[in-house]
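Encoded as structure tokens, the structure appears first; notes follow it.
Along the sequence shown, residues carry numbers from 1. Each ligand, and each atom within it, is numbered from 1 in the order the structure gives.
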Amino acid sequence: MSSRYLRHLPIFLLLLALMGLSGFGAHRIAQQLGLSDLQATGLHRLDLYTASLEREIGKYAFLPGTLGLERDVLDLLKHPVDSKLTPQVNAYLEQLNERAGTLSIYVIDTAGHVVATSNWRRADSFLGEDLSFRPYFRDAIDSGSGRFFGIGTTRGEPGYYLASTLADDSRTLGVAVIKVSLEQLEKSWSTVEAPAMVTDENGVVILGSVADWKFTTLRPLDDATRRAFDQTQQYNRRALKPLGLKEIRELDHGARLVSISKTLPEIVSVYPVAGRFLAQARPLPGTPWTLTVLSHLEQVDEIAQSRATVAVVGAAFLFMLGLMLDERRRHLKDRLAAREALQQAHDELERKVEERTADLSAANHLLQDEIAERIRAERTLRAAQDELVQAGKLAVIGQLSTGIAHELNQPLAALRTLSGNGVRFLDRGDLATTRSNLERIAQLVDRMGRITGQLRAFARKSTGQLQPVALCHALDNALALLDPRLTQANAEIRRHCPLPEPFALCDANRLEQVLINLIGNALDAMHDQPAPCIELGCESVGQVARLSVRDHGPGLDEAALSHLFEPFFTTKEAGVGLGLGLAISAGIVRDFGGTLSGTNHPEGGALFTLDMPLCEAQNHE
Ligand code: ADP
């Protein structure tokens with residue numbers, strides 16, 4: 001058996017137990033109810049049948065006594081032997097018998113002999129018969145009246161005997177007897193709805209709605225009783241077979257559950273005559289008889305069985321319904337739990353998201369603070385760099401100042417001479433020479449103005465704003481500022497500038513600062529050469545605007561190559577170089593988005609290359 005079936009086994013067993021219990025319970029209850037219903041109906045029938053029997057018997061009860069009112073009867077009894085009254089009384093009784101519808105009416109003298117009878121005409125007439133052995137006769141003699149059920153001794157006809165003594169004023173003369181046929185009594189039962197029977201004091205069925213029950217016994221008869229029957233000829237030697245009625249159990253109010261076994265051949269009857277019955281009995285007043293009404297349990301059993309079936313099916317249905325409801329409840333519970341779990345997970349997720357959001361916003365704040373800090377630092381750095389660039393520029397200017405001062409000294413001396421000569425020529429009245437001197441003075445002042453103008457332009461603090469710059473023009477500006485030095489050094493400048501000249505996106509002032517630095521370094525490197533030569537190149541390579549400065553000096557040694565752009569790296573004497581020129585220049589070029597590199601030219605001397613983003617806008621000066 002699979003585990004699935006095993007798991008369901010207790011439920012099946014429970015179902016079976018429930019079905020069994022409810023079936024049994026319903027059967028019991030329905031049977032109880034049915035029985036009490038049946039009992040009530042039975043009692044009702046008992047009342048009804050008793051009343052009708054009483055009525056029927058009561059009709060004849062007074063009849064024997066009325067014979068005492070008849071003079072002839074009494075006279076006959078006084079002198080019964082060979083009385084002339086016999087035919088007269090016989091005729092009277094015959095007539096009465098016919099009128100009353102009884103079986104026979106007869107008169108017995110005190111010795112027990114029939115002196116007159118209604119059936120005097122018949123061959124089997126009672127007339128002259130000795131009936132002193134009949135109990136009703138003896139009872140009547142003893143107590144004034146007698147009642148008896150018995151079977152006729154002559155015709156074997158069963159009947160009910162009612163006897164009354166007949167007496168004159170002083171003594172008992174005899175007994176008047178009326179025999180009533182049982183059929184007459186049974187007539188009142190023609191409409192009974194359930195089998196009923198009347199048993200006499202011996203337990204013999206004398207009246208029954210089922211013909212075959214008649215003269216059966218309800219209880220076994222012992223030999224002594226049978227012998228007594230023989231003597232009284234009560235049942236006229238009928239074989240009194242047992243009915244086969246067995247008591248199952250006793251119920252309330254004198255009712256009993258009994259069973260009647262089936263007899264063969266099958267009895268034909270409108271009622272069920274075998275099976276289980278509810279028997280209710282009651283003594284019939286005025287008689288030693290008992291009236292018993294039998295109600296068959298078939299219907300009760302059927303109802304109980306159908307109720308039990310309904311209960312079993314109902315229990316199974318309820319059980320299934322219960323199982324289904326339980327299943328549904330469990331399903332709902334699971335769903336609820338799942339929903340709760342989902343809700344919890346959702347809440348947890350939401351809580352985490354909130355936490356993370358809080359973390360993120362905190363991180364964001366931190367980041368913003370950091371960015372602000374960085375920006376501040378950048379600005380500070382930028383300002384510091386700007387300051388550094390400016391400082392570097394001032395250093396360059398310092399280096400240039402000697403040459404410029406020398407450059408200015410010459411026109412100043414010339415101005416001194418020209419102005420002194422001018423006064424003298426004016427005194428002499430030589431106006432033409434004076435004018436020529438003044439024109440020369442003006443030219444010199446212009447030249448000095450140009451020099452100081454260039455210096456002032458270079459010295460001004462640059463904003464660092466990027467814009468298109470003509471490279472050859474910037475180169476010329478740098479050369480102009482260096483002019484005194486170049487002249488002093490007797491340097492040769494070889495300048496290669498293509499047309500149209502390339503433009504780079506940069507800051508012109510700072511580019512000039514870089515170029516002055518590079519050219520200055522080149523002059524420094526060749527300071528011991530009588531005719532130094534510097535080659536300046538300008539070209540565009542792809543998207544790059546390139547400027548190059550090459551000298552013919554000793555070139556860059558190992559140490560210089562590895563530390564070229566480091567701040568404070570210098571090979572120059574103290575007071576000549578600070579070692580910041582190339583570091584500042586590289587920073588400036590980096591700000592342009594370009595690169596500055598230094599190497600040795602294959603043919604000797606150092607070569608510095610400056611690459612910057614090429615700019616298309618060539619209409620700028
Ligand atoms: P400074 O000129 O104050 O020394 P720089 O940063 O301009 O500072 O130069 C750093 C060093 O690089 C120089 O001291 C020099 O040794 C070397 N150098 C720069 N330019 C040249 C060059 N054209 N030829 C040889 N050495 C050079």
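Taking a 6.0 Å sphere around NZ of Lys352, one finds it holds 12 or fewer heavy atoms contributed by other residues, nucleotides or ligands. Within 6.0 Å of atom NE2 in His496, more than 12 heavy atoms from other residues, nucleotides or ligands are found, so the atom counts as buried in its surroundings. More than 12 non-hydrogen atoms from other residues, nucleotides or ligands lie less than 6.0 angstrom from CZ of Arg495. Within 6.0 Å of atom CD in Gln543, 12 or fewer heavy atoms from other residues, nucleotides or ligands are found, so the atom counts as exposed in its surroundings.
In terms of protein heavy-atom proximity, atom 13 (C) of ligand 1 is nearest to Thr571 OG1, 3.8 Å. In this structure, atom 19 (C) of ligand 1 lies nearest to the protein heavy atom Asn521 ND2, 3.6 Å. For atom 12 (O) of ligand 1, the nearest non-hydrogen atom of the protein is Leu564 CD1, 3.9 Å. Scanning all protein heavy atoms for the shortest distance to atom 18 (N) of ligand 1 gives Leu556 CD2, 4.0 Å. Nearest protein neighbour of atom 1 (P) of ligand 1, counting heavy atoms only, is Lys572 NZ, 3.5 Å. In this structure, atom 10 (C) of ligand 1 lies nearest to the protein heavy atom Phe569 O, 3.2 Å. Nearest to atom 8 (O) of ligand 1 among the protein's heavy atoms is Gly579 CA, 3.4 Å. Protein heavy atom closest to atom 4 (O) of ligand 1, with residue, atom name and distance, is Thr570 OG1, 2.5 Å.
For His296, the ring pair (Phe, Tyr, Trp, His ring centres under 6.0 Å) criterion is met by Phe277, not counting sequence neighbours.
Checked against a 3.5 angstrom limit, the closest N/O atoms of Ala525 and ligand 1 fall outside it. Between Phe608 and ligand 1, no N or O atom pair is found at a separation short of 3.5 Å. Checked against a 3.5 angstrom limit, the closest N/O atoms of Asp551 and ligand 1 fall inside it. Residue Ala583 places no N or O, backbone or side chain, under 3.5 Å from any N or O of ligand 1.
Shown in contact with Gly581 at under 4.0 Å from a heavy atom are these atoms of ligand 1, numbered in order with element: 6 (O), 7 (O).
For the residue pair Asn421 and Arg424, a side-chain donor N or O sits within less than 3.5 Å of a side-chain acceptor on the partner. Counted by atom type alone, Asp507 and Gln465 present zero donor-acceptor pairs between their side chains at under 3.5 Å.
Applying the side-chain hydrogen bond (donor to acceptor under 3.5 Å, both in side chains) definition to pairs two or more places apart or across chains, those involving residues 598-614 are Arg546-Asp611.
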Exercise. Does the pair Glu355 and Arg351 meet the rule for a salt bridge (charged side-chain N to carboxylate O under 4.0 Å, His left out), with working shown?
Worked result: CA-CA 6 Å; Glu355 263 179 31; Arg351 195 181 58 72; 2.4 Å; yes
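For His365 (side chain) and Ser361 (main-chain N/O), a donor-acceptor pair under 3.5 Å exists by modelled atom type.
Within the structure, ligand 1 has Gly555 among the residues with a heavy atom less than 4.0 angstrom away.
Considering Ile584, Leu578, Leu582 only, the shortest heavy-atom separation from atom 6 (O) of ligand 1 involves Leu582.
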